[in-house]
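Contents: one structure, followed by commentary.
Below, all heavy atoms of this structure are taken into account, side chains as well, without hydrogens, waters or symmetry copies.
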2 protein chains.
Amino acid sequence: MIDKVKRTIQKYTMIKKGDKIVVGVSGGADSMSLLNLLIKFKNEYNIEIIVVHINHGIRGSEADRDEHLVKKYCDDNDILVYIFKTNVAEHANKLHITIEEAGRELRYEKFKEILKKENANKIAIAHNKNDSVETVFINMIRGTGLKGLLGIGVVNGDIIRPLIECDRHEIELYCTQNNIDYIVDSTNNENIYTRNKIRNELIPYIKENLSQRVIDNIFRMTTVLSKEDTYLDKEAFRVYAEAIKKCREYYVDIDLKKLILCDEVIAKRVVRKALYEIAANRLKDINYEHINDIFNLIYKQSGKKINLPNNIVVERSFDVLKISLENTYKEEEYEYKINKFPCSINIEENKFTLELIDNLENIINTDNVKYFDFDKINIDDLRIRNRREGDYIYLKSDKERQKLKKFFINNKISKEERNKLPILVQNNNVLWIVGYKVSPFFAPAEKARKVVRIEKMIDQN
Amino acid sequence: MIDKVKRTIQKYTMIKKGDKIVVGVSGGADSMSLLNLLIKFKNEYNIEIIVVHINHGIRGSEADRDEHLVKKYCDDNDILVYIFKTNVAEHANKLHITIEEAGRELRYEKFKEILKKENANKIAIAHNKNDSVETVFINMIRGTGLKGLLGIGVVNGDIIRPLIECDRHEIELYCTQNNIDYIVDSTNNENIYTRNKIRNELIPYIKENLSQRVIDNIFRMTTVLSKEDTYLDKEAFRVYAEAIKKCREYYVDIDLKKLILCDEVIAKRVVRKALYEIAANRLKDINYEHINDIFNLIYKQSGKKINLPNNIVVERSFDVLKISLENTYKEEEYEYKINKFPCSINIEENKFTLELIDNLENIINTDNVKYFDFDKINIDDLRIRNRREGDYIYLKSDKERQKLKKFFINNKISKEERNKLPILVQNNNVLWIVGYKVSPFFAPAEKARKVVRIEKMIDQN
């Protein structure tokens with residue numbers, strides 16, 4: 001098995017000389033043999049090893065026995081070990097997740113914590129081939145797409161799984177042959193969890209009645225499918241890079257034209273990536289139907305939107321598909337008061353300078369420079385801000401008043417742009433919709449005393 | 001269920017007005033309700049229906065009862081019915097395949113036969129959602145890649161499966177509610193076959209213990225994966241179209257440069273397609289490892305080759321990967337005797353004209369026109385043919401003799417080209433390696449009486 005694990009490590013370049021590795025050790029056959037092997041590789045690879053053991057506290061005295069075993073093995077081998085006591089049941093209850101999920105969350109949290117604290121660069125986990133195949137069954141039976149058929153990732157960022165190509169039986173054999181003590185988890189042989197049902201009943205049935213080689217066959221399938229999945233992701237990431245019009249912390253705009261041009265398979269992966277970008281930790285409840293709904297939105301009319309779980313909103317705008325987090329999205333009001341002249345105001349990429357001038361020659365409105373009659377303005381009410389409910393603009397005179405909302409619709413301005421667009425406004429009366437329209441109502445009279453000159457500075461980048 | 005089946009038919013445009021459909025009817029619930037539904041759709045879709053029933057003769061009197069039921073139902077509904085008796089066991093024995101495979105082969109053979117005879121254009125088969133999911137399990141447990149996870153195809157060429165989105169339970173319910181008699185196959189409830197074990201034990205276990213919705217979940221997975229598979233095939237077919245240098249009945253040459261440039265996932269699909277092109281009916285024994293071996297050949301040195309089952313040979317040449325059928329490949333010797341002047345000889349795309357001339361002015365060798373001294377030639381021994389073991393050429397004089405094989409190697413001429421390349425030869429003494437070299441030994445003497453003029457005509461296409 002030593003050679004096999006070395007081959008796995010090489011094939012996926014899991015370990016480099018000088019790595020500092022946090023090893024998760026439960027005390028079971030898998031993690032004990034992983035630890036044993038890494039200690040054997042210590043000199044050859046010039047690695048440092050730190051062990052983390054989590055006492056989940058769900059099996060009473062058994063848990064303490066596990067802790068003791070791990071601690072003793074580490075002490076005997078002169079390995080630094082961190083022991084944590086957690087309350088998995090409480091965590092599961094709080095987050096409404098299964099005990100298994102809660103256990104996983106807490107474990108990885110602690111691994112990351114020690115990685116950081118010890119300035120380590122890798123986390124080694126003892127998942128084996130059987131674990132991976134069981135995961136495939138779990139996902140498939142519950143409903144999945146390609147990603148659910150890939151089993152457990154061999155390398156995920158800083159997480160490595162050197163035993164992934166070994167099966168449970170050979171790991172147990174290795175322990176016996178090398179006199180490695182390990183614990184048999186008493187919950188393991190009971191059919192409490194889906195995984196244990198699959199492990200202890202479904203797969204043994206298949207082995208006996210259908211194919212002895214089921215673990216190898218399905219594991220090989222996962223490695224083949226992983227390559228296909230990686231290829232599809234690569235294609236999708238290429239499209240994503242081209243199709244992203246804007247990406248902020250709380251929203252992503254995807255170019256609709258680009259999305260329509262690509263294959264459904266790729267478009268859906270682009271959407272998934274966008275979702276991941278803004279809400280990686282909220283995707284648990286996003287399923288196949290949701291992705292389908294988002295995809296179908298591409299072909300709907302502008303303005304249609306759907307609400308997904310966890311406040312994710314997807315909206316089809318004129319030229320973009322906007323994926324955003326609703327809460328942050330709505331908070332985004334801004335308002336700047338003008339209280340003296342001259343002044344300058346920065347709104348994201350835009351900078352505005354305002355001054356009061358009395359040389360009234362050469363007053364020529366350009367796209368970026370506008371003039372307003374100072375006597376028509378109440379300086380205390382003057383603001384640069386984004387739109388509010390109730391805003392309006394006088395189009396020709398005070399006889400023709402249009403709601404700003406109507407103006408936006410007529411001019412096909414997307415909801416996103418509406419929210420960002422700076423307007424110069426006095427109470428709800430709009431002087432300038434920047435980039436679109438100046439209200440003639442505030443234009444300097446022929447004999448104006450003073451005018452407000454406002455310039456939108458052109459971005460120097 | 002009627003609406004559901006109509007939706008399936010529409011979604012996949014399975015039926016068009018005026019279609020003439022051969023329906024395979026075993027007498028079971030699936031095929032009886034398919035027949036019942038198609039009869040109901042008859043006027044609406046303006047279709048013609050022809051039933052084919054195969055009496056496999058493996059269940060004795062039961063088989064005759066089935067035949068009787070189908071025949072009666074067709075007669076009652078005024079439907080043309082063909083009944084065939086086959087010996088599945090014998091067929092299975094002869095071809096060393098399982099009874100199930102033999103049954104399928106014989107059925108489709110008969111369906112195609114009647115399709116042709118009746119000038120019909122579709123074959124309707126009553127596969128349902130459960131069948132498809134069972135197929136996924138069978139393939140997965142035995143070892144598969146993406147294609148094995150797609151279940152049973154919804155539409156394959158002229159074969160349509162209108163019940164594919166219905167599950168077994170609802171089909172049986174439909175029969176009961178519509179008073180449709182059907183037969184329960186007695187072999188069905190026995191665990192003789194892999195499929196029956198999966199149907200009657202594995203899936204019921206999963207339903208009871210893991211997920212009631214397993215059939216729906218896995219069926220949905222197959223439709224998602226089908227799209228990803230289709231996308232990958234589309235990509236691969238694009239590459240295939242660009243990378244094919246030559247495609248004959250018995251071999252395909254794939255441009256190595258193109259193959260190296262593309263992703264492993266695509267390259268392997270290109271190889272699969274090439275295999276399919278030349279040996280569609282011989283691919284049963286070609287597995288994942290074989291495809292891997294072929295892929296690895298890309299990075300080996302020229303001349304390496306591997307032998308696959310069923311006489312498929314794959315060879316890495318200088319610039320192509322050649323996939324060929326060995327038997328036909330070797331038979332391909334040709335030889336043309338020159339027995340008079342002038343004459344013309346056709347070898348595939350090449351046409352050669354030979355004449356004897358005595359006007360010895362203007363003798364200028366070009367790429368396509370060569371001259372040889374008639375007095376140095378024994379006309380009875382002159383041939384145009386491809387290489388034989390023992391061929392040689394005089395390079396400068398009769399002092400410097402080189403084996404043709406050596407010449408080919410030195411000039412990096414691929415094995416394929418070697419086999420095809422016409423040479424002008426006298427016994428084993430080569431006068432002209434067309435396109436490469438003329439032997440100076442046969443060059444016209446200064447005072448030659450007559451010369452043989454041979455021209456390779458340039459292809460007019």
Can you confirm whether more than 12 heavy atoms, excluding those of [X], are under 6.0 Å from its [atom1] atom?
X: B:E208; atom1: CD; result: no
X: A:K147; atom1: NZ; result: yes
X: B:K4; atom1: NZ; result: yes

Test side chain to side chain donor-acceptor pair (under 3.5 Å) applied to A:E264 - qualifying residues, sequence neighbours left out: A:K268, B:K227
Pairing residues for A:K6 by the side chain to side chain donor-acceptor pair (under 3.5 Å) criterion, not counting sequence neighbours: A:E44
Separation of B:L202 CG from A:N209 CG (nearest 0.5 Å): 9.0 Å
Distance in Å, A:Y205 OH paired with B:I206 CD1, rounded so as to fall on 0.5 Å steps: 10.0 Å
Under 4.5 Å from a heavy atom of chain B, the part of A:Q212 involved: neither
Top contributor to chain A contacts, counting heavy-atom pairs under 4.5 Å, from B:K234, B:R220, B:R269, B:R213: B:R220
Just list the side-chain donor-acceptor pairs under 3.5 Å for residues 136-146 of chain A, sequence neighbours left out, or say none.
residue: A:N139; atom: ND2; partner: A:T135; partner atom: O; Å: 3.4
residue: A:N139; atom: ND2; partner: A:G148; partner atom: O; Å: 2.9
residue: A:T144; atom: OG1; partner: A:G148; partner atom: N; Å: 3.3

Region of B:F219 in contact with chain A, defined by heavy-atom distances below 4.5 Å: neither
Test log, rule side-chain contact (heavy atoms from CB on, under 4.5 Å), inputs A:L149 and B:L225: CA-CA 10 Å; A:L149 297 170; B:L225 296 184; 3.6 Å; yes
Which atom of B:K197 lies closest to which atom of A:L210, heavy atoms considered: CB-CD2, 3.9 Å
Members of residues 292-300 of chain A whose heavy atoms come closer than 4.5 Å to chain B: none
Option that, when pairs with chain B are counted at under 4.5 Å, heavy atom only, ranks first among A:V133, A:I215, A:V224: A:V224
Non-hydrogen side-chain atoms of B:Y231 and A:E235 separated by less than 4.5 Å: yes
